There are 2 protein chains.
Amino acid sequence: MSVPRVALTVDLVVLTVREQRLCALTWKRDRDPYLGCWSLPGGFIQLDEDLPVAAVRLMDERAGLADVRIHLEQLSTFGYPDRDPRQRVVSVTYLGLAPNLPASSRAQVLWKPVDVLFEREENAFDHRRILREGVERARAKLEYTSLAAAFCPPAFTVAELRRVYEIVWGTALDPRNFHRKVTGADRFLVPTGDTTTRDGGRPAQLFRRGSAEQLHPPMLRPNT
Amino acid sequence: MSVPRVALTVDLVVLTVREQRLCALTWKRDRDPYLGCWSLPGGFIQLDEDLPVAAVRLMDERAGLADVRIHLEQLSTFGYPDRDPRQRVVSVTYLGLAPNLPASSRAQVLWKPVDVLFEREENAFDHRRILREGVERARAKLEYTSLAAAFCPPAFTVAELRRVYEIVWGTALDPRNFHRKVTGADRFLVPTGDTTTRDGGRPAQLFRRGSAEQLHPPMLRPNT
DNA sequence: GCAAAAGTGTTACGATTACACCCATGC
DNA sequence: GCATGGGTGTAATCGTAACACTTTTGC
């Protein structure tokens with residue numbers, strides 16, 4: 001049986017919160033097509049490699065985030081025929097959520113605020129659309145999962161967690177109600193016993209992520 | 001540049017509600033591998049064809065549901081190296097939700113209850129896992145979208161819609177609270193002006209789907 | 001009349017909101 | 001002391017769950 005074969009890439013939407021903005025990891029293209037435009041880090045899969053394995057490998061090779069335990073999940077697969085002008089390329093996309101870390105030391109790999117990527121800079125292929133899907137997935141998942149903590153360092157305060165929600169959603173949240181809700185959610189946060197004054201004011205308790213993956217009840221975005 | 005190429009299939013999880021059960025469309029394999037086992041309808045993509053286009057084409061060729069306007073959305077992509085014993089095949093999967101219709105007249109294509117497929121019958125490839133993902137997606141989407149109506153005929157009663165929820169979720173719902181909630185949800189249901197006594201008892205209003213895609217507020221499953 | 005299913009009213013409860021208020025630190 | 005942010009208490013409101021009750025048909 002002879003069947004058509006296509007080239008298959010894995011492309012990564014890697015998000016973090018840094019300097020009060022939601023940022024994505026970008027790769028500045030140094031060859032045609034789309035020379036000089038930003039693209040998402042990614043690459044071709046190998047023939048003996050499962051898709052999540054390829055995503056982890058490319059997170060190392062292209063994003064410079066090796067050995068970082070970050071959340072990775074599959075987004076959509078894009079495959080309309082002319083999305084790459086050279087040949088038929090189908091792309092399986094993955095979403096990664098990372099704490100605020102330096103990216104690769106390569107100048108080609110940079111964190112950029114997603115609003116800048118959406119509004120101003122020239123993008124390669126259909127990567128703006130893929131980025132938008134990743135950002136929307138992240139925004140939605142903060143509501144009903146504990147993934148906001150994936151943007152935080154190992155120990156963090158309730159206010160730092162709240163800032164993640166506020167920055168990703170772009171909305172202000174009441175600090176007092178937020179505190180009550182996240183500390184009351186089952187197995188979301190585990191107190192470390194330490195406190196910090198790094199945010200100023202009265203010392204705040206430090207927490208680490210609990211075992212919960214789903215939030216009961218969910219954190220709902222205002223005005224929806 | 002030489003890159004590895006893989007064969008790409010689109011496989012379909014097509015669900016309906018018939019005879020009080022949630023059913024999926026199955027294809028009985030007539031050749032090796034997995035001769036005699038059930039599989040999901042699907043097939044290889046063509047080189048000049050977008051993925052959703054291939055899904056629609058296969059819905060016709062393999063599922064026998066041409067010209068039926070059913071909801072179609074992408075599920076995951078599966079690609080671990082040995083999922084097909086013959087060659088590296090990556091499968092992009094789609095979920096389709098259909099009203100209760102006869103499938104193809106081909107004996108090879110049959111509606112089967114999903115609980116039977118999960119528990120008893122021999123499945124080909126990893127199609128049991130794909131089916132499970134489709135069923136879980138459908139169950140989750142009934143909560144916050146208007147997709148339950150995709151299982152109903154063009155005009156339906158509130159009780160018929162409720163039975164869809166009850167069968168897909170496997171839980172009983174209070175008919176009175178359900179009625180209030182769905183008729184109150186913004187643009188979910190539009191009265192046709194007609195009534196029917198096909199369910200017995202007092203005549204029930206007939207509705208068709210409104211323009212809402214998201215439900216505000218959502219329909220929540222009991223006990224979760 | 002009686003069974004069956006449609007549809008409405010009502011009350012109790014749980015979660016969310018808005019905001020008053022107190023607490024513990026740095027300076 | 002005073003500014004800053006951490007954290008608790010409380011009352012109004014909204015949505016839901018449970019269930020009594022009325023309505024309209026077929027037989």
Side-chain angles (χ1 to χ4, degrees), chain A residues 20 142-144 148 152 155-167 169 171-208 212 214-224, chain B residues 20 142-144 148 152 155-167 169 171-208 212 214-224:
Chain A
Q20 312 280 46
L142 290 205
E143 288 199 310
Y144 57 95
C152 295
F156 54 89
T157 67
V158 170
E160 288 161 357
L161 183 65
R162 176 167 49 84
R163 250 155 254 143
V164 166
Y165 277 92
E166 292 180 329
I167 290 165
W169 285 348
T171 59
L173 299 174
D174 184 293
R176 298 155 295 188
N177 292 334
F178 182 87
H179 185 280
R180 203 188 341 254
K181 192 151 183 187
V182 295
T183 54
D186 186 39
R187 292 173 298 116
F188 184 14
L189 301 181
V190 180
T192 65
D194 296 325
T195 60
T196 180
T197 56
R198 65 192 181 210
D199 298 328
R202 169 175 165 181
Q205 287 185 76
L206 284 166
F207 296 88
R208 55 182 176 74
Q214 307 295 314
L215 290 191
H216 293 290
M219 291 288 312
L220 296 175
R221 272 175 277 191
N223 318 324
T224 50
Chain B
Q20 313 280 50
L142 290 204
E143 288 199 310
Y144 57 93
C152 294
F156 53 90
T157 66
V158 170
E160 287 160 358
L161 183 66
R162 175 168 50 83
R163 249 155 254 143
V164 166
Y165 277 93
E166 292 180 328
I167 290 165
W169 285 348
T171 60
L173 299 174
D174 184 295
R176 298 155 295 186
N177 291 334
F178 182 86
H179 184 280
R180 201 185 346 251
K181 192 152 183 185
V182 294
T183 53
D186 186 39
R187 292 173 298 118
F188 185 13
L189 301 181
V190 179
T192 65
D194 297 324
T195 60
T196 180
T197 55
R198 65 192 182 211
D199 298 327
R202 170 175 165 182
Q205 286 185 76
L206 283 166
F207 296 88
R208 55 183 177 74
Q214 308 295 314
L215 290 190
H216 293 290
M219 291 290 311
L220 296 175
R221 273 174 277 191
N223 318 323
T224 47

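From a predicted model like this one, the values you see are computed outputs, not experimental measurements. Chain identifiers are assigned alphabetically (A, B, ...) following the order of the sequence lines, protein sequences preceding nucleic acid strands; residue numbering begins at 1 within each chain.
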* Do the side-chain N or O atoms of A:Gln205 get closer than 4.0 angstrom to the phosphate oxygens (OP1, OP2) of D:dG7? -> yes
* To do: May I ask you to list the residues of residues 178-195 of chain B, by number, that have any heavy atom positioned under 4.0 Å from an atom of DNA chain C?
  => B:His179, B:Arg180
Closest non-hydrogen atom pair, [X] against [Y]:
| X | Y | result |
| --- | --- | --- |
| B:Val158 | B:Phe178 | O-CE2, 3.6 Å |
| B:Asp174 | B:Arg176 | OD1-N, 2.8 Å |
| A:Pro191 | A:Gln205 | CB-OE1, 4.0 Å |

Rounded to the nearest Å, what distance is computed from the [atom1] atom of residue [X] to the [atom2] atom of nucleotide [N]?
| X | N | atom1 | atom2 | value |
| --- | --- | --- | --- | --- |
| A:Arg163 | D:dG5 | CZ | C1' | 9 Å |
| B:Arg221 | D:dT16 | CZ | P | 16 Å |
| B:Leu215 | D:dT16 | CG | C1' | 15 Å |
| B:Arg176 | D:dT16 | CZ | C1' | 14 Å |

* Shortest side-chain distance from B:Thr197, nucleotide among D:dT16, D:dG7, D:dG26 -> D:dG26
Between [X] (side chain) and [Y] (backbone), is there a donor-acceptor pair under 3.5 Å?
| X | Y | result |
| --- | --- | --- |
| B:Tyr165 | B:Leu142 | yes |
| A:Thr192 | A:Leu206 | yes |
| B:Glu143 | B:Arg221 | yes |
| B:Lys181 | B:Pro217 | no |

* **Atom pair CE (A:Met219) and OH (A:Tyr144), whose distance is rounded to the nearest 0.5 Å** => 15.0 Å
* **Given DNA chain D, 5'-ward residue of the pair B:Gly201 and A:Ala159, judged by closest heavy atom** => A:Ala159
* Asked: Do B:Gln20 and B:Ile167 come within less than 4.5 Å of each other through their side chains, counting heavy atoms only?
  -> yes
* Polar pair under 3.5 Å, donor/acceptor by atom type, side chain B:Arg202, base D:dT23 -> yes
* To do: For DNA chain C, note the earliest and the latest nucleotide, 5' to 3', having some atom under 4.0 Å of a heavy atom belonging to chain A.
  => C:dT16 to C:dT25
* To do: Name the residue closer to the 5' end of DNA chain C, choosing between A:Asp174 and A:Pro217 according to the nucleotide with the nearest heavy atom.
  => A:Pro217
* Mapping B:Asn177 and A:Met219 to their closest nucleotides on DNA chain C, which lands nearer the 5' end? -> B:Asn177
